[in-house]
Amino acid sequence: MTDELLPRAAELARRFRAGLADRPVFPTDADTGAVRTALGDLPDEPTDPAETLERLHAAAEPVLVASAGPRYFGFVTGGSLEAAAAADILATGWDQNGFSALTSPAAALVEQVAGAWLKDLLGLPETASFGFVTGGQGGNTVCLAAARHAVLDRAGWDVERRGLRGAPAVRVLAGSGRHATIDRALRLLGLGTDAVAEVPTTPAGSIDVAALRTALSTTDGPLVVCLQAGEVNTGAFDDFRPAIAAAHARGAWAHVDGAFGLWAAAAPALRHLTDGVSEADSWATDGHKWLNVPYDSGYAFCAHPDAHRAATSYTAAYLVDDEPEPLRNPGDFVPESSRRARGFATWAALHSLGRAGVARLVERNHALARRFAERLSAAGAEVVNEVVLNQVLVGFGTDTARVLAAAQRSGVCWMGGTTWRGRRLMRISVSNWQTTEADVDASADAVLAAWRDVQDR
Ligand SMILES: Cc1ncc(COP(=O)(O)O)c(C=O)c1O
């Protein structure tokens, strides 16, 4: 092994990160054919590792997206914190298998501490179990696997042993604005998307609690209710206290998809939005969104550790830990077996920010989202949502699609598009620790310049 290789890789990463604010946010004019050519053919013989690294860097660097930078507003994307990125480099170098206490006590212990800190910050029950997964999709899937176990167990059916053939039908009530990963989780779990009965949402995008109550009273059998902290377009929150109480009164499992919105619970100024959320049975959230942990990072929390473990754990003779008091096995709470030691980066993010730093990150991004909305609406654009969190939906009359395309090509900033209530809109998410007022102002100026150009044509 050469002494220079890992420092060189870290140095290339450092340089990229240092230049994030100065490069075009999206590589719009990149020559993808040149990238393929530069990557070359599969060599017949080994290559010197240093040459391999340089070739990868030279080939891929021109098509990197500055999504970790301060003016990227697409898809609710957090740019990794310095401490979290550095810890993730260590995770790579340490190359620990985060499956169990036997494969890595370091991974098991760090994840255990970080999981307890997360519950504390998010106001979740101290006794809840948790799994470090790949993201919101992983979180929703694990939580709904635990839900499937619990509601069928209550109906006298052991789904882990017997499967779903002949099982009582599980029904799912979910708002019409749920994230598509809920549906994919239901597909993966064999419940199927036909299991969903959609509950209407309010104009802001929250579940209509009266309609939920009606649906609860007219749906038979094992039942799961999916709620949401942070509607994917508007950022709206479901009214958790009455919704969860109604679900529980009917004997249903209440799951909360809080991929980004659950972080409001860590911010005193926004915590009211999550009132009652801790009463739920399971919660999914992301680390790689608002906590600004590097990809990939998410968490599944469950108020019923036995259901969680029943859904996801397994054992084998060669995996048994003979210690009288074995450590918590991270692999018991996730769908993977051998896995990256994800706890290091999360621990580092939380340790470097502290409780106050997490609160400030969330509150600052919220204030910046409001600033973005004010700048655009002052210039005549239509902000169609109330900016309760970090999401801003903007319309430019009949010009929206063209303004969006031009803004994306500007290089100054990048944001995505969406369709909300039948209208094509610009969707802005502010979720990065580095974003400043000046970044928002420069981005709003770029969007407005794009609008003027479109109007002039
Ligand atoms: C509300 C919500 N749920 C789930 C997800 C899926 O998260 P991930 O992409 O991390 O799997 C997202 C993010 O895209 C989201 O916004």
Side-chain angles (χ1 to χ4, degrees), residues 65 67-68 72-80 84 118 122 130-145 147 172 174-189 193 196 201 204-207 224-238 240 254-265 273-274 277 280 282-301 334-336 339-340 342 345-346 349 362 365 369 385 388-393 414-420 427-432:
V65 176
S67 48
Y72 186 86
F73 304 104
F75 309 115
V76 197
T77 299
S80 53
L118 286 169
L122 297 170
F130 55 85
F132 279 47
V133 290
T134 51
Q137 173 73 75
N140 283 329
T141 306
V142 166
C143 290
L144 291 175
V172 179
S176 51
R178 69 189 174 282
H179 194 268
T181 50
I182 293 288
D183 295 66
R184 179 153 70 175
L186 297 175
R187 281 161 39 200
L188 292 169
L189 292 168
T193 51
V196 178
T201 50
S206 313
I207 204 162
V224 179
V225 174
C226 290
L227 302 170
Q228 198 161 247
E231 205 274 344
V232 66
N233 288 298
T234 64
F237 286 72
D238 289 346
F240 296 114
H255 168 64
V256 176
D257 175 2
F260 60 98
L262 201 56
W263 290 94
L273 296 166
T274 62
V277 79
S282 58
W283 307 262
T285 192
D286 267 305
H288 57 224
K289 288 191 170 68
W290 227 345
L291 187 57
N292 283 236
V293 173
Y295 289 104
D296 46 24
S297 172
Y299 319 104
F301 300 96
V334 296
E336 299 88 14
R339 59 194 277 278
R340 183 172 185 79
R342 291 206 181 83
T346 293
V362 172
N365 283 167
N385 66 320
V388 292
L389 198 63
N390 62 336
Q391 302 293 107
V392 189
L393 292 182
W414 199 95
M415 55 277 285
T418 191
T419 301
W420 167 252
R427 175 174 179 251
I428 298 168
S429 307
V430 188
S431 332
N432 187 300

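Just so you know, ligand 1 is whichever comes first in the structure, and atom 1 is the first atom listed for that ligand. Treat the numbers as computed from the prediction; the structure is a model and nothing was measured.
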Checklist entry - With no hydrogens and no angle check, do the side chains of Asn233 and Thr418 hold a donor and an acceptor under 3.5 Å apart? => result yes
Checklist entry - In terms of ring plane angle, is the pair Tyr295 and His288 parallel, tilted or perpendicular, where the classes change at 30° and 60°? => result tilted
Checklist entry - Taking the minimum heavy-atom distance to atom 1 (C) of ligand 1, which of Val133, Asp257, Ile182 ranks first? => result Asp257
Checklist entry - Are any of the N/O atoms in Gln228 less than 3.5 Å from those in ligand 1? => result no
Checklist entry - Relative to the ring of Phe240, is the ring of Phe237 parallel (under 30°), tilted (30 to 60°) or perpendicular (over 60°)? => result perpendicular
Checklist entry - Are the side chain of Thr234 and the backbone of Glu231 linked by a donor-acceptor contact shorter than 3.5 Å? => result no
Checklist entry - Under 3.5 Å between some N or O of ligand 1 and some N or O of Asp286? => result yes
Next on the checklist: Under a 4.0 angstrom heavy-atom cut-off, which atoms of ligand 1 come close to Gly136?
Outcome noted: 6 (C), 7 (O), 8 (P), 10 (O), 11 (O)
Checklist entry - Strictly under 4.0 Å, does any heavy atom of Thr181 approach an atom of ligand 1? => result yes
Next on the checklist: Quick test of your reading of the structure: of Ala259, Gly258, Gly230, whose heavy atom lies closest to atom 2 (C) of ligand 1?
Outcome noted: Ala259
Item to check | Under 4.0 Å to a heavy atom of Gln137 - the qualifying atoms of ligand 1, by number | outcome: 6 (C), 7 (O), 8 (P), 11 (O)
Checklist entry - Can Asn140 and Thr181 be counted as having a side-chain donor-acceptor contact under 3.5 angstrom? => result yes
Checklist entry - Under 4.0 Å from any heavy atom of Gly135, which atoms of ligand 1 are there? => result 10 (O), 11 (O)
Next on the checklist: Looking only at side-chain N and O atoms, does Arg184 offer a donor or acceptor that is under 3.5 Å from a partner on Gln137?
Outcome noted: yes
Checklist entry - What do you reckon, are the aromatic ring centroids of Trp414 and Phe75 less than 6.0 Å apart? => result yes
Checklist entry - Atoms of ligand 1 less than 4.0 Å from Lys289 heavy atoms? => result 7 (O), 8 (P), 9 (O), 10 (O), 12 (C), 13 (C), 14 (O)
Checklist outcome for this item: So the atoms of ligand 1 within less than 4.0 Å of a heavy atom of Phe260 turn out to be 16 (O)
Item to check | Lys/Arg-Asp/Glu bridge criterion (N-O < 4.0 Å) met for Asp296, Arg340 | outcome: no
Next on the checklist: Using a 4.0 Å cut-off to any heavy atom of Val232, which atoms of ligand 1 qualify?
Outcome noted: 16 (O)
Item to check | Option whose closest heavy atom lies nearest to atom 14 (O) of ligand 1, chosen from Arg178, His179, His288 | outcome: His179
